[in-house]
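Below is one structure, written out as structure tokens; the observations come after it.
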Amino acid sequence: MTDDDLLLKDDEIADCARDLYALVERLYPLCRSKTGNGLRQTLKIIDEYVGLAMDEVPSGTPAFDWTVPKEWNIADAYVRNSQGRRVIDFQESNLHVVGYSVPVHRKMSLQELRPHLHTLPDHPDWIPFRDTFYRETWGFSLSQNDLNALAEDEYEVCIDSTLQDGHLTIGEAYLPGAVADEVLISAHSCHPSLCNDNLSSIALGAFIARRLRTMPHRLSYRFLFLPGTIGSIIWLSRNEDKVPAIKHGLVLACLGDPGAFTYAQSRRGDALVDRAFAQVLAHSAVPHTIKPFEPDGYDQRQYCSPGFNLPVGSLMRTSYGAYPKYHTSADNLDFVRPESLAESFAAPLSGI
């Protein structure tokens, strides 16, 4: 097999763009979080494409100086006015509920409710994504316009959720090659209905793994689909014996928007994966930026942490936090582009 065998042929590009977008569209309605059934449902869909081994890690399991959290699931949530109308409705958007909100069911005035409501005044039509993963509280997110429309009234507030001992789920696909040296490809899989961050990277990881699985390859490949931060910490803590085989790595994120490519280097800065993507992006038709490692953002900060210092970079289009729609309801199916997904699919295949 030559490198060209991995790349898309001209007649495949349109089909790839359509199929990637269809997977994003299929995953979009699911309410994902660090744990729970939405995450499992997402991984079961990816399993159809890749064939995943699922690691169910019990709540309370230590992971270095972290601990696996309780499992969170949600059935419904709403704020209902005295006329019985849902003025905030989880069924309309799963972003309406602050992730990991504890259960609540009570009546309260608007004044009592307001401290639990989150908006984006600068973007009054958008719903912000908020979470409370490591603090037991509750809340709702809504547009500023909808908040402005709330009248003084008695409101029924309900979050039908559970927060109890359970498991955190990690999906992993290992594709052995002719040699044991590995390429690690990782995508965080814990956000609710956000298309660019993170459904684009989940879809791309699945499609890259599916393409590699059908072809002989010299290097071995390990694909991880896991909750951001805590997931990679858990995986590293449970797989220290596998870490020495990782010779190259890539974290996928924010790869469906129409912006330029962004490559964040590994902590080393001159690892082979860093040099490879400098070459790939230099010859891409899409403009690009290469930036040095920073100890924030996505899971490269865990893989590149001083205790491991793995050669793992991160490929994005517009970087996290650098576009206004980041972590809002505007990161929807209209924001990601099929053609951007196809371009983003081709870049890792050239670099790895």
Side-chain angles (χ1 to χ4, degrees), residues 2-4 6-7 175 177 179-188 196-198 200-202 204-205 207-209 211-212 217-226 228-229 231-233 235-236 239 242-257 259-322 340-341 343-352:
T2 68
D3 291 341
D4 288 342
L6 283 173
L7 303 182
L175 310 181
V179 299
D181 289 354
E182 288 186 18
V183 178
L184 174 70
I185 298 178
S186 181
H188 66 290
N196 200 40
D197 176 29
N198 58 337
S200 64
S201 53
I202 297 173
L204 284 162
F207 271 65
I208 293 167
R211 192 168 185 88
L212 286 168
H217 41 85
R218 188 179 70 85
L219 295 171
S220 297
Y221 288 83
R222 190 178 303 275
F223 289 81
L224 297 178
F225 299 88
L226 37 67
T229 305
S232 54
I233 290 171
W235 188 87
L236 289 166
N239 294 278
K242 298 174 183 174
V243 167
I246 298 172
K247 305 304 181 183
H248 322 281
L250 190 65
V251 170
L252 304 174
C254 301
L255 285 163
D257 69 90
F261 279 119
T262 302
Y263 177 76
Q265 295 175 326
S266 71
R267 179 186 291 272
R268 301 180 188 183
D270 62 350
L272 182 56
V273 67
D274 300 323
R275 301 198 303 273
F277 274 94
Q279 275 292 109
V280 167
L281 296 178
H283 291 88
S284 171
V286 182
H288 72 278
T289 298
I290 295 178
K291 64 180 188 177
F293 173 82
E294 297 176 344
D296 59 8
Y298 296 109
D299 284 321
Q300 71 272 18
R301 61 185 170 188
Q302 281 70 251
Y303 300 126
C304 295
S305 60
F308 293 96
N309 197 25
L310 292 171
V312 176
S314 180
L315 183 66
M316 301 165 277
R317 294 188 76 103
T318 308
S319 182
Y320 61 89
S340 297
L341 291 167
E343 289 173 346
S344 299
F345 176 72
L349 289 175
S350 301
I352 60 177

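Rounded to the nearest 0.5 angstrom, Leu341 CG and Asn196 CG are separated by 8.0 Å. Between Arg211 atom CZ and Leu175 atom CG the span is 14.0 Å, to the nearest 0.5 Å. Here the straight-line distance linking atom CG of Leu184 with atom NZ of Lys242 works out to 11.5 Å at 0.5 Å rounding. With values rounded to the nearest 0.5 angstrom, Ser186 atom OG is found 9.0 Å from Trp235 atom CH2. Leu204 contributes atom CG, which lies 10.5 Å from atom CD1 of Ile185 (distance to the nearest 0.5 angstrom). Distance NE2/His288 to CG/Leu315: 11.0 Å, rounded to 0.5 Å.
Listed by chain and number, the residues in a side chain to side chain donor-acceptor pair (under 3.5 Å) with Arg301 are Thr229 (sequence neighbours excluded).
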**OP:** Please test Thr262 against Thr318 for side-chain contact (heavy atoms from CB on, under 4.5 Å), starting from the C-alpha separation and ending with a verdict.
**Re:** CA-CA 6 Å; Thr262 302; Thr318 308; 5.9 Å; no

**OP:** Go through the steps for Leu224 and Asp299 under the test side-chain contact (heavy atoms from CB on, under 4.5 Å), then give the verdict.
**Re:** CA-CA 11 Å; Leu224 297 178; Asp299 284 321; over 6 Å; no

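Between Ala347 and Phe261, the closest heavy-atom pair is CB-CZ, 4.1 Å. Taking each heavy atom of Phe308 and Tyr303 in turn, the nearest pair found is CB-O, 3.6 Å. In plain terms, the two heavy atoms of Gly205 and Phe225 that are nearest each other are C-CZ, 3.7 Å. Closest non-hydrogen pair, Pro311 versus Ile246, comes out as CD-O, 4.1 Å. Asn198 approaches Ser201 most closely through the heavy-atom pair O-OG, 2.8 Å. Here the closest non-hydrogen pair linking Gly177 and Ser220 is N-OG, 2.8 Å.
Using cut-offs of 30° and 60° on the angle between ring planes, the pair Phe277 and Tyr263 is parallel. Between Phe207 and Phe345, the two ring planes are perpendicular [angle over 60°; tilted spans 30° to 60°]. Ring-plane geometry between Tyr221 and His217 is classed as perpendicular, the angle between the planes exceeding 60 degrees on a 0 to 90 degree scale with a lower cut at 30.
Side chains of Val243 and Leu236 form a contact here, defined as non-hydrogen atoms less than 4.5 Å apart.
Arg267 contributes no side-chain N or O that, together with a main-chain N or O of Asn309, makes up a donor-acceptor pair within less than 3.5 Å. Side chain of Asp274 to main chain of Gln265: no donor-acceptor pair is present (N/O by atom type, distance under 3.5 Å, no hydrogens or angles). Between the side chain of Ser284 and the main chain of Leu281, no donor-acceptor pair closer than 3.5 Å is present. Panel note: side chain Arg317, backbone Ser340; a donor-acceptor pair is recorded below 3.5 Å.
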Please tabulate, for side-chain N and O atoms in residues 247-256, each donor-acceptor pair with protein atoms closer than 3.5 Å (sequence neighbours left out).
residue, atom, partner, partner atom, Å
Lys247, NZ, Pro244, O, 3.0

